[in-house]
Amino acid sequence: MTNMRAIIGGSGAPLLVTAPVPEAGPGQVRIKVAAAGVNPFDLAVAAGALASYGLARKRDSYGIGFDVAGTVDQVGPGTTFGVGEEVVGLCARLELPYKAQAEYVVLDASAVARAPRNVSAAQAATLPLNGLTAWQALDRAGVGPGGTLLVTGAAGAVGGYLVELAAERGIRVVATAGAADEEVVRDFGAEWFVPRQEELAEAVRALVPGGVDAVVDAAVLGLPALDAVRDGGAFVALSAGVAPVALRGTDVATVFFRSDAYQLAELVRLVEVGRLTLRVAETYGLDQVAEAHARQAEGGLRGRLVLLP
């Protein structure tokens with residue numbers, strides 16, 4: 001097979017094209033894609049917004065797709081993976097011509113881990129981007145065991161991982177989401193729950209006098225979430241250009257995901273022992289990518305959309 005189907009963006013909508021099958025170089029593996037996640041960031045790539053946000057140089061098109069689950073079918077020199085191994089990986093670079101939403105993708109071995117043994121490929125494909133984002137955001141927030149953390153958007157794909165991983169680290173979590181999501185968010189490990197409609201800072205401070213030690217703002221609430229943090233606490237944003245001013249001595253940062261094979265392997269371990277929940281909202285074929293992007297744009301998802309090549 002010399003050609004494959006792949007999804008590209010940059011012109012305003014995702015496009016299904018024919019492209020050469022990539023070859024694995026030194027330190028790389030080629031993965032036959034079984035499932036690829038669809039994320040909100042994919043919509044920005046398809047719309048051609050990367051250059052306007054200063055996230056990539058201006059190009060005619062960009063590959064789309066960050067999460068992949070599949071089978072190694074070619075290895076380059078200097079890798080320890082073998083052909084036939086089932087893996088998950090994160091395609092983190094933004095300027096590649098073709099990425100995870102394709103029939104094949106080449107990744108550095110440092111971005112790949114063995115896939116969870118007890119889940120489907122579609123479920124596994126929901127893990128890398130959102131799981132690593134949550135892990136790295138918690139690291140940046142710097143809250144230790146017994147500390148307090150506010151998670152906004154706690155029922156969403158990233159928010160759910162944030163709550164579960166924080167609880168796993170012994171952090172006391174205040175979660176905010178829609179009122180109907182209270183049960184699921186508490187099942188993730190949240191100690192306190194604040195319905196989204198309430199005055200956030202006052203509600204959080206009534207539960208945690210003085211304010212929480214940190215917030216990870218998955219729902220992009222900005223200042224209302226910052227106001228729930230104690231003086232000198234931490235605020236972690238997950239989107240470009242939305243972090244508030246560092247009022248009251250707070251440590252404000254924006255965390256962008258990066259590939260990390262060790263962290264990804266730890267996330268896989270947590271899935272396998274039942275401490276991390278994988279949620280697939282809906283699945284689509286590659287030729288239904290426009291429908292998948294339209295559904296993502298509607299919002300209200302609990303879990304991730306997944307493409308099945």
Side-chain angles (χ1 to χ4, degrees), residues 1-25 27-51 55-76 79 81 83 85-112 115 120-130 257 259 280 282-297 304-309:
M1 182 176 182
T2 58
N3 291 317
M4 66 174 185
R5 297 181 302 158
I7 305 299
I8 62 170
S11 62
L15 300 175
L16 179 62
V17 300
T18 299
V21 173
E23 299 290 327
Q28 295 182 320
V29 299
R30 185 173 71 195
I31 300 168
K32 180 175 174 54
V33 179
V38 177
N39 290 277
F41 200 0
D42 297 333
L43 276 61
V45 178
L50 292 182
L55 300 177
R57 291 168 291 179
K58 180 64 177 175
R59 297 187 180 280
D60 291 336
S61 66
Y62 305 86
I64 300 182
F66 298 94
D67 297 302
V68 62
T71 304
V72 174
D73 90 320
Q74 185 186 64
V75 296
T79 63
F81 288 99
V83 171
E85 285 193 72
E86 294 183 357
V87 295
V88 290
L90 177 65
C91 192
R93 293 174 60 197
L94 299 180
E95 293 191 7
L96 297 175
Y98 309 106
K99 296 182 60 173
Q101 291 179 15
E103 292 180 311
Y104 293 86
V105 65
V106 168
L107 295 181
D108 294 334
S110 58
V112 176
S120 68
Q123 290 172 305
T126 68
L127 179 64
L129 175 61
N130 295 308
F257 52 85
S259 59
V280 177
E282 299 171 29
T283 61
Y284 297 81
L286 274 185
D287 58 351
Q288 297 173 300
V289 64
E291 296 172 40
H293 279 222
R295 177 64 188 92
Q296 181 66 58
R304 274 285 163 255
L305 304 177
V306 177
L307 298 180
L308 304 177

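- No side-chain heavy atom of Asp108 sits less than 4.5 Å from a side-chain heavy atom of Ser259.
- For the pair Tyr98/Val21, no side-chain contact is recorded, criterion being any heavy-atom separation below 4.5 Å from C-beta on.
- Applying the side chain to side chain contact (heavy atoms under 4.5 Å, CB included) test to Arg59 and every residue at least two apart in sequence or in another chain returns Arg57, Tyr62, Glu95.
- Here the closest non-hydrogen pair linking Ala36 and Ala125 is N-CB, 4.1 Å.
- Pairing each heavy atom of Pro309 with each of Ala34, the nearest pair is CD-O, 3.6 Å.
- Without hydrogens or angle criteria, Gln101 side chain to Gly37 main chain gives a donor-acceptor distance under 3.5 Å.
- Once rounded to the nearest 0.5 Å, the distance linking NZ of Lys32 with OG1 of Thr71 reads 8.5 Å.
- Taking Phe257 as the reference, Phe66 meet the ring pair (Phe, Tyr, Trp, His ring centres under 6.0 Å) condition, with sequence neighbours excluded.
- Taking the side chain as every heavy atom from C-beta outward, Gln296 and Asp42 never approach each other to under 4.5 Å.
- Without hydrogens or angle criteria, Gln74 side chain to Ala24 main chain gives a donor-acceptor distance under 3.5 Å.
- Note: Leu15 CG to Ile8 CD1 = 5.5 Å, rounded to the nearest 0.5 Å.
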Passes side chain to side chain contact (heavy atoms under 4.5 Å, CB included), Leu305 versus Glu282? Steps please.
CA-CA 5 Å; Leu305 304 177; Glu282 299 171 29; 3.8 Å; yes
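- For Ile64 against Ala46, the heavy-atom pair with the smallest separation is CD1-CB, 3.9 Å.
- Around CD of Glu86, the count of heavy atoms belonging to other residues, nucleotides or ligands within 6.0 Å does not exceed 12.
- The shortest non-hydrogen separation linking Leu308 to Ala35 is CD2-CB, 3.7 Å.
- The line from CG of Asp67 to CG of Asn39 is 5.0 Å long, rounded to the nearest 0.5 Å.
- Remark: the backbone N or O of Glu103 is not paired with any side-chain donor or acceptor of Arg5 at under 3.5 angstrom.
- Between Thr283 atom OG1 and Arg304 atom CZ the span is 15.0 Å, to the nearest 0.5 Å.
- Rounding to the nearest 0.5 Å places CG of Leu286 at 6.0 Å from CG of Leu16.
- The shortest distance between side-chain heavy atoms of Val106 and Glu23 does not fall below 4.5 Å.
- Side-chain contact between Thr126 and Val280: present, with at least one pair of heavy atoms (C-beta onward) separated by less than 4.5 Å.
- Under the 4.5 Å side-chain criterion, counting only non-hydrogen atoms from C-beta, Val38 is not in contact with Tyr284.
- Legend: residues meeting side chain to side chain contact (heavy atoms under 4.5 Å, CB included) with Pro97, ordered by chain and number and at least two apart, are absent.
- Between Thr79 and Ala109, the closest heavy-atom pair is CG2-CB, 4.1 Å.
- For the side chain to side chain contact (heavy atoms under 4.5 Å, CB included) test with Val68, the passing option among Val105, Leu90, Val87 is Val105; the others fail.
- Taken to the nearest 0.5 Å, the CG atom of Leu94 stands 5.5 Å off from the CG atom of Leu50.
- Among all heavy-atom pairs drawn from Ala69 and Ala121, the shortest one is CB-O, 3.5 Å.
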